[in-house]
Protein chains: 2
Amino acid sequence: MTIRAIERAMNVLQELNQQPINTIAQLHARTKLPKPTLVRILRTLEEAGYVENDTRQGGYQVSALVTSLSSGFHKGPLVVEAGRAWAIAITRKHKWPVAIALPDYDDMIIRFSTVPDSLISPFHSTVNKRLCMLTRAMGLAYLAFLDGEDRNVMIDILQKSDNPENALSHHRDKLLRLLNEVRSNGYATRSSTVEPRNSDTIAVPIIAKSGRVLASLGLTYFKAAFGSEQEARDRYVPILKSAAVAISEDLNRLSSSVAIDVSSADPSAISND
Amino acid sequence: MTIRAIERAMNVLQELNQQPINTIAQLHARTKLPKPTLVRILRTLEEAGYVENDTRQGGYQVSALVTSLSSGFHKGPLVVEAGRAWAIAITRKHKWPVAIALPDYDDMIIRFSTVPDSLISPFHSTVNKRLCMLTRAMGLAYLAFLDGEDRNVMIDILQKSDNPENALSHHRDKLLRLLNEVRSNGYATRSSTVEPRNSDTIAVPIIAKSGRVLASLGLTYFKAAFGSEQEARDRYVPILKSAAVAISEDLNRLSSSVAIDVSSADPSAISND
DNA sequence: CTCTATCGTTTCGCGAGCCGGAATGGCTTG
DNA sequence: CAAGCCATTCCGGCTCGCGAAACGATAGAG
């Protein structure tokens with residue numbers, strides 16, 4: 001037996017994180033919860049400080065306090081931590097959302113995204129979303145820059161997948177041609193055969209100084225905002241590439257300049273002030 | 001009328017973020033909730049994926065999914081985003097917790113902390129905790145590096161405070177001597193007149209290329225782990241100073257190398273893949 | 001080995017308090 | 001000025017969360 005009210009509240013909090021501003025009506029449509037229930041949940045979250053009710057804008061939004069709900073979790077890969085600031089900076093400057101994805105078995109998983117920052121989105125849940133490796137920009141950018149050996153292992157795994165989006169793994173020559181093209185371009189884009197058609201993603205790999213491919217960094221834009229896809233690529237590819245290099249440099253500095261080793265006693269009880 | 005079950009669940013989630021591993025008994029002691037209630041709440045959070053029950057260790061901990069409860073919130077200052085990776089790297093390397101604090105009126109507020117990462121702590125809620133400006137390392141490191149004009153304004157504000165920890169603001173000469181000492185040392189430590197006595201914090205300012213003092217970066221350690229406080233300072237001050245410089249450089253790069261401006265259409269609906 | 005203390009978890013009947021359809025009132029729109 | 005949409009409030013009904021007590025497992029002491 002689980003507590004329904006809590007499940008509902010968590011779902012509401014999730015939805016609130018999808019958009020900068022949320023009306024009761026939107027939340028009602030997305031969560032299927034009765035409006036009075038929503039109002040009660042939101043009031044509870046508001047009094048606890050996690051949510052703000054901006055009456056001028058007529059909507060609810062998450063407040064700074066939500067960060068403390070995950071302040072105890074920093075187990076993510078350092079590349080995500082190093083990349084967040086860059087992703088945020090790019091979105092602030094260029095408006096379009098940026099995401100960082102890491103490989104997980106035969107998919108990529110989005111580990112950080114600025115989607116909720118900049119826009120009203122019909123899509124949900126971009127963080128922790130799985131992306132297919134062979135049709136999505138983030139996947140191709142990762143796969144194309146793997147070394148021959150690693151790449152072959154990966155393709156073998158993909159062939160065992162029953163996801164129709166991985167069909168290309170059975171046409172090895174065609175796939176390799178695509179990967180080589182991505183590699184020589186230095187970036188990948190989403191396959192035109194998959195949804196959504198009204199947007200495109202440009203992705204580049206984040207490669208450690210050691211040469212290991214760690215993650216991919218992608219920017220998504222609305223096709224309608226540009227005269228051609230080439231125009232968008234000309235503009236954003238250099239930005240993404242230099243950001244990826246910068247993230248890699250940060251990682252390098254992070255592990256080296258902090259590297260005065262201390263092997264002394266284990267800390268056990270402490271507070272930060 | 002608010003929903004009690006939700007308030008309780010949020011409190012439990014907060015407590016779970018304070019320690020890497022939490023037993024029912026600990027949570028019971030801290031939240032004052034009956035154990036069956038805790039079990040029910042934890043089961044609910046577990047089924048929703050926010051909490052893991054590591055039966056081997058016999059305790060509950062937050063899982064990666066909690067990050068999605070705040071994935072929509074990136075409105076914080078960029079200096080926090082730029083600093084997180086460095087704070088995490090230092091803690092991973094040197095074990096002791098590191099925090100970033102920003103000024104807020106006459107206090108500092110901790111905006112990021114690695115406290116929950118490394119240890120079992122009797123202290124709670126370090127993120128969003130307010131620190132007094134004149135007795136805490138993070139406050140002194142900030143105040144001492146303000147320019148004369150800004151600093152005077154700040155001291156005037158502090159004199160209006162009724163917080164006994166700000167008493168020093170009424171002894172301007174004594175305070176200025178202390179601030180000058182901090183400034184020439186390049187770091188501050190917590191006043192020995194305030195709790196907790198068994199630990200100390202070393203803090204340095206994070207100063208933008210423009211010269212503006214943005215935040216402070218502090219490391220807290222147990223006094224018992226070192227022969228003398230000087231020993232700890234000799235070891236960690238250089239690390240903190242170089243990290244503060246690195247954060248400042250990152251900020252500079254973040255705003256410059258991304259600076260190809262785009263003034264085109266507003267994005268409105270998009271997903272990241 | 002047994003006894004005991006303490007842990008996490010389950011049980012179960014009571015009743016507080018959450019639920020949601022319907023009503024309210026404000027605000028915009030045609 | 002009516003009509004539609006919105007967020008919010010009301011209130012009777014009845015679920016469903018509550019927590020004292022019991023349970024089973026584990027660890028340490030004697």
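The model shown is predicted, which means the values in this text are computed figures rather than measured ones. So that the names make sense, note that chain A is the first sequence line, chain B the second, and so on, each numbered from 1.
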First of Pro36(B) and Ile24(A) reached from the 5' end of DNA chain D, by closest nucleotide
Ile24(A)
Can you measure Ile6(A) atom CD1 to dC16(D) atom C1' for me and round it to whole angstrom units?
12 Å
Nearest-angstrom distance from the residue atom NZ of Lys35(A) to C1' of dA23(C)
14 Å
Between the side-chain atoms of Arg40(B) and the base atoms of dG19(D), is any donor-acceptor pair under 3.5 Å?
yes
Can you tell me how the ring of Tyr221(A) sits relative to the ring of Trp96(A), calling it parallel under 30°, perpendicular over 60° and tilted otherwise?
perpendicular
If you compare every side-chain N and O of Arg4(B) against the phosphate oxygens of dG17(C) (OP1, OP2), does one of them come in below 4.0 Å?
yes
Nearest to the side chain of Thr23(A), which nucleotide is it out of dC18(C), dC18(D), dA7(D)?
dA7(D)
Could you tell me whether Pro34(A) contacts a base, only the sugar-phosphate backbone, or nothing, with contacts defined as non-hydrogen atoms closer than 4.0 Å?
sugar-phosphate
Write down the distance between CG (Asn22(B)) and C1' (dC7(C)), rounded to a whole number of angstrom.
16 Å
Return no unless some side-chain N or O of Arg8(B) is found under 4.0 Å from OP1 or OP2 of dG17(D).
no
Between atom CD in Glu7(A) and atom C1' in dC19(C), what is the gap in whole Å?
15 Å
Interatomic distance, Leu38(A) CG vs dC6(D) C1' [rounded to whole Å]
14 Å
Mind calculating the distance between CG (Leu27(A)) and P (dA7(D)) to the nearest angstrom?
9 Å
To the nearest angstrom, the CG-C1' distance between Leu42(B) and dT9(C) comes to 12 Å
Are Arg8(A) and Ile41(A) packed together at the side-chain level, in the sense that at least one heavy-atom pair is separated by less than 4.5 angstrom?
yes
Between dC19(C) (P) and Ile3(B) (CD1): distance, integer Å
5 Å
Below 4.0 Å: OP1/OP2 of dG20(C) and any side-chain N or O of Thr37(A):
yes
Residues Ile3(B), Glu7(B); criterion side-chain contact (heavy atoms from CB on, under 4.5 Å); working and verdict
CA-CA 7 Å; Ile3(B) 302 175; Glu7(B) 290 167 359; over 6 Å; no
Report yes if at least one side-chain N or O of Asn53(A) is closer than 4.0 Å to OP1 or OP2 of dT8(D); otherwise report no.
yes
Check whether any side-chain heavy atom of Arg190(A) lies under 4.5 Å from a side-chain heavy atom of Ser199(A), and answer yes or no.
yes
Before giving the answer on side-chain contact (heavy atoms from CB on, under 4.5 Å), spell out for Val62(B) and Glu52(B) the whole-Å C-alpha distance, their side-chain angles and the decisive distance to 0.1 Å.
CA-CA 6 Å; Val62(B) 292; Glu52(B) 281 164 8; over 6 Å; no
Looking at every strand, decide which applies to Thr44(A) at a 4.0 Å heavy-atom threshold: base, sugar-phosphate, or nothing.
nothing
